[in-house]
Asker: 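Below is the structure I would like to discuss, written out as structure tokens.
Numbers here simply count residues along the sequence, with the first being 1. It should be emphasised that the depicted structure is a prediction, and the values quoted were computed from it without experimental measurement.
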Amino acid sequence: MIEALILGGLGFSFGVVLVYLARKFEVKVDERLEKIVELLPGKNCGTCGFANCEEMASASLKDPTYLERCRVLEPDNRRKIEEILGVSLQDISKKIAIVACTFQTENKFKYVGVQTCAAAVLVSSGFKKCKYACLGLGDCVRVCPFDAISISEGEVKIDKNKCVGCGLCVQTCPKNVINLVNAGAYVFVSCSSRDNAKTVVGVCKNGCIGCGLCAKACPVGAIKIENNLAIIDYSICTGCGKCAEVCPRKVIFKLRTN
């Protein structure tokens with residue numbers, strides 16, 4: 001009887017101690033964390049710099065500006081998260097990826113190495129005659145978490161309806177031939193060459209030759225020539241399409257009309 005009372009007393013005492021320790025060292029979970037995770041894209045693409053959306057949400061609780069790193073967050077969900085956090089962040093324009101290459105250059109040699117762009121570029125900067133051209137071996141396809149990129153007959157195709165502008169393809173491309181532009185942009189220069197006109201004409205059927213006709217035709221001064229390549233200032237461009245009309249190489253094309 002006495003032994004039972006002693007054991008019972010010890011059990012009760014240990015129980016009290018365990019409850020005390022559990023409350024003392026309890027790690028409280030912010031109830032907002034789960035709500036924010038549910039609103040994030042859930043793709044764990046890593047473009048925000050965190051390993052997954054939960055880490056992103058946890059960091060945003062401490063510093064809401066981390067939320068601006070998520071390029072693929074839907075505007076409605078962004079506003080809901082801002083309400084949860086009690087902040088108002090800067091609006092971020094949706095962007096899409098576009099390949100700045102006309103694919104009109106030929107191979108200068110037959111490449112038989114590892115079939116990735118990262119490997120191919122190590123051999124004489126790639127096997128295309130134009131040193132700025134897309135190699136088309138699909139590194140961007142493999143890295144896209146949204147199945148927005150495909151290759152057809154050697155040309156990289158990006159489905160703008162699937163692209164969310166995460167930028168992983170841009171980071172992966174060793175030729176820096178994929179650009180992110182605002183989803184509402186009107187025109188795009190489909191070339192990345194910085195070579196002079198004579199070289200461009202020699203290696204590509206319709207690369208940009210930096211002639212400047214587009215810049216002269218633009219009524220608002222939204223185009224300038226930098227290192228032999230037409231550059232569009234989208235903050236000024238009105239989408240009139242004059243640049244595309246006068247381009248002798250047809251390297252500027254309309255993404256949409258007014």
Asker: Work out which heavy atom in Cys53 is nearest to a heavy atom in Val37; give both atom names and the distance.
Answerer: O-CG2, 4.5 Å
Asker: Could you tell me if the side chain of Cys117 sits less than 4.5 Å from the side chain of Pro174, heavy atoms only?
Answerer: yes
Asker: Using a 6.0 Å cut-off, check whether atom CD of Glu245 has over 12 heavy atoms from anything other than its own residue.
Answerer: yes
Asker: Got Cys237 and Val187 here, is their nearest side-chain heavy-atom distance under 4.5 Å?
Answerer: yes
Asker: Can you find a pair of side-chain heavy atoms, one from Ile98 and one from Leu255, that are under 4.5 Å apart?
Answerer: yes
Asker: Okay, side chain of Arg256, backbone of Tyr186: is any donor-acceptor separation there less than 3.5 Å?
Answerer: no
Asker: Are Phe109 and Leu137 connected into the same hydrophobic cluster when the rule is that any two of I, L, V, M, F, W, Y join if their side-chain heavy atoms are below 4.5 Å apart?
Answerer: yes
Asker: Working note: Arg32 + Leu61, criterion side-chain contact (heavy atoms from CB on, under 4.5 Å); need CA distance, chi angles, decisive distance, verdict.
Answerer: CA-CA 8 Å; Arg32 298 175 298 172; Leu61 284 171; 3.6 Å; yes
Asker: Please list, one pair per line, the donor and acceptor atoms closer than 3.5 Å that link side chains of residues 209-223 to other protein atoms, with sequence neighbours excluded.
Answerer:
none

Asker: Kindly state each residue pair satisfying ring pair (Phe, Tyr, Trp, His ring centres under 6.0 Å) with at least one member in residues 39-73, sequence neighbours excluded.
Answerer: Phe50-Tyr66
Asker: Is Val87 linked to Leu33 within one hydrophobic cluster, defined over Ile, Leu, Val, Met, Phe, Trp and Tyr using a side-chain heavy-atom separation of less than 4.5 Å?
Answerer: yes
Asker: Do Phe127 and Lys110 make a side-chain contact, defined as non-hydrogen atoms from C-beta onward lying under 4.5 Å apart?
Answerer: no
Asker: Between Ile231 and Ile225, does a side-chain contact (heavy atoms from CB on, under 4.5 Å) hold up when you go through it step by step?
Answerer: CA-CA 6 Å; Ile231 304 295; Ile225 305 300; over 6 Å; no
Asker: Answer yes if Val123 and Val121 sit in the same cluster of Ile, Leu, Val, Met, Phe, Trp and Tyr residues linked by side chain heavy atoms under 4.5 Å apart, and no otherwise.
Answerer: yes
Asker: Give the minimum heavy-atom separation between Val99 and Phe188, together with the two atoms involved.
Answerer: O-CE2, 3.7 Å
Asker: Does either side chain, that of Lys128 or that of Asn107, offer a donor lying less than 3.5 Å from an acceptor on the other one?
Answerer: yes
Asker: For residues Ser88 and Glu82, report the shortest heavy-atom separation together with the two atoms involved.
Answerer: CA-OE1, 4.0 Å
Asker: Any sub-3.5 Å donor-acceptor pair from Glu74's side-chain atoms to Val72's backbone N or O?
Answerer: no
Asker: Would you say Lys175's side chain and Lys131's backbone share a donor-acceptor pair under 3.5 angstrom?
Answerer: yes
Asker: Determine, stepwise, if the pair Glu38 / Glu34 fulfils side-chain contact (heavy atoms from CB on, under 4.5 Å).
Answerer: CA-CA 6 Å; Glu38 290 177 354; Glu34 185 176 350; 3.7 Å; yes
Asker: Under 3.5 Å, side chain of Ser190 to main-chain N/O of Cys101, donor-acceptor pair present?
Answerer: yes
Asker: Going from CG on Leu39 to CG on Asn77, what distance comes out if it is rounded to the nearest 0.5 angstrom?
Answerer: 5.0 Å
Asker: Heavy atoms only: give me the nearest Leu135-Ala120 pair and the separation to one decimal.
Answerer: CD1-CB, 4.1 Å
Asker: Would you check if Ile81 and Leu67 make a side-chain contact, meaning some heavy-atom pair closer than 4.5 Å?
Answerer: yes
Asker: Are Cys204 and Glu106 side-chain neighbours, meaning at least one heavy-atom pair lies under 4.5 Å?
Answerer: no
Asker: Less than 4.5 Å apart, side chain to side chain, heavy atoms only: is that true for Ile96 and Val181?
Answerer: yes
Asker: Might you point out which heavy atoms bring Cys247 and Ile252 nearest each other, and give the distance in Å?
Answerer: SG-N, 4.0 Å
Asker: Got a donor-acceptor contact below 3.5 angstrom from the Asn182 side chain to the Lys95 backbone?
Answerer: no
Asker: Applying salt bridge (charged side-chain N to carboxylate O under 4.0 Å, His left out), which residue pairs with at least one partner in residues 41-68 are found, sequence neighbours left out?
Answerer: none
Asker: Side chains of residues 145-171: which donor-acceptor partners sit under 3.5 Å, not counting sequence neighbours?
Answerer:
| residue | atom | partner | partner atom | Å |
| --- | --- | --- | --- | --- |
| Glu155 | OE1 | Lys157 | NZ | 3.2 |
| Asp159 | OD1 | Asn161 | N | 2.9 |

Asker: If only side-chain N and O atoms count, and only distance matters, is there a donor-acceptor pair under 3.5 Å linking Thr172 with Asp139?
Answerer: no
Asker: Looking only at atom types and distance, does a side-chain atom of Thr199 sit under 3.5 Å from a main-chain N or O of Asp195, one as donor and one as acceptor?
Answerer: no
Asker: Please tell me whether Asn206 and Lys250 have a donor and an acceptor in their side chains that are separated by less than 3.5 angstrom.
Answerer: no
Asker: Please check if atom NZ in Lys242 has more than 12 non-hydrogen atoms from other residues, nucleotides or ligands closer than 6.0 Å.
Answerer: no
Asker: Asn227: what forms a side-chain hydrogen bond (donor to acceptor under 3.5 Å, both in side chains) with it, not counting sequence neighbours?
Answerer: none
Asker: Go through it in stages, so that I can follow the logic: the residues are Leu229 and Ser193, the test is side-chain contact (heavy atoms from CB on, under 4.5 Å), and I'd like the CA-CA distance, side-chain angles, deciding distance and then a yes or no.
Answerer: CA-CA 7 Å; Leu229 181 65; Ser193 176; 5.6 Å; no
Asker: Give me each pair satisfying salt bridge (charged side-chain N to carboxylate O under 4.0 Å, His left out) with a member in residues 222-238, each pair once, sequence neighbours excluded.
Answerer: Lys224-Glu226
Asker: If Ile, Leu, Val, Met, Phe, Trp and Tyr residues are connected whenever their side-chain heavy atoms lie under 4.5 Å apart, and connections chain through other members, are Leu180 and Tyr234 in the same group?
Answerer: no
Asker: Quick one: closest heavy-atom pair of Ile84 and Lys35, and the distance?
Answerer: CD1-CB, 3.9 Å
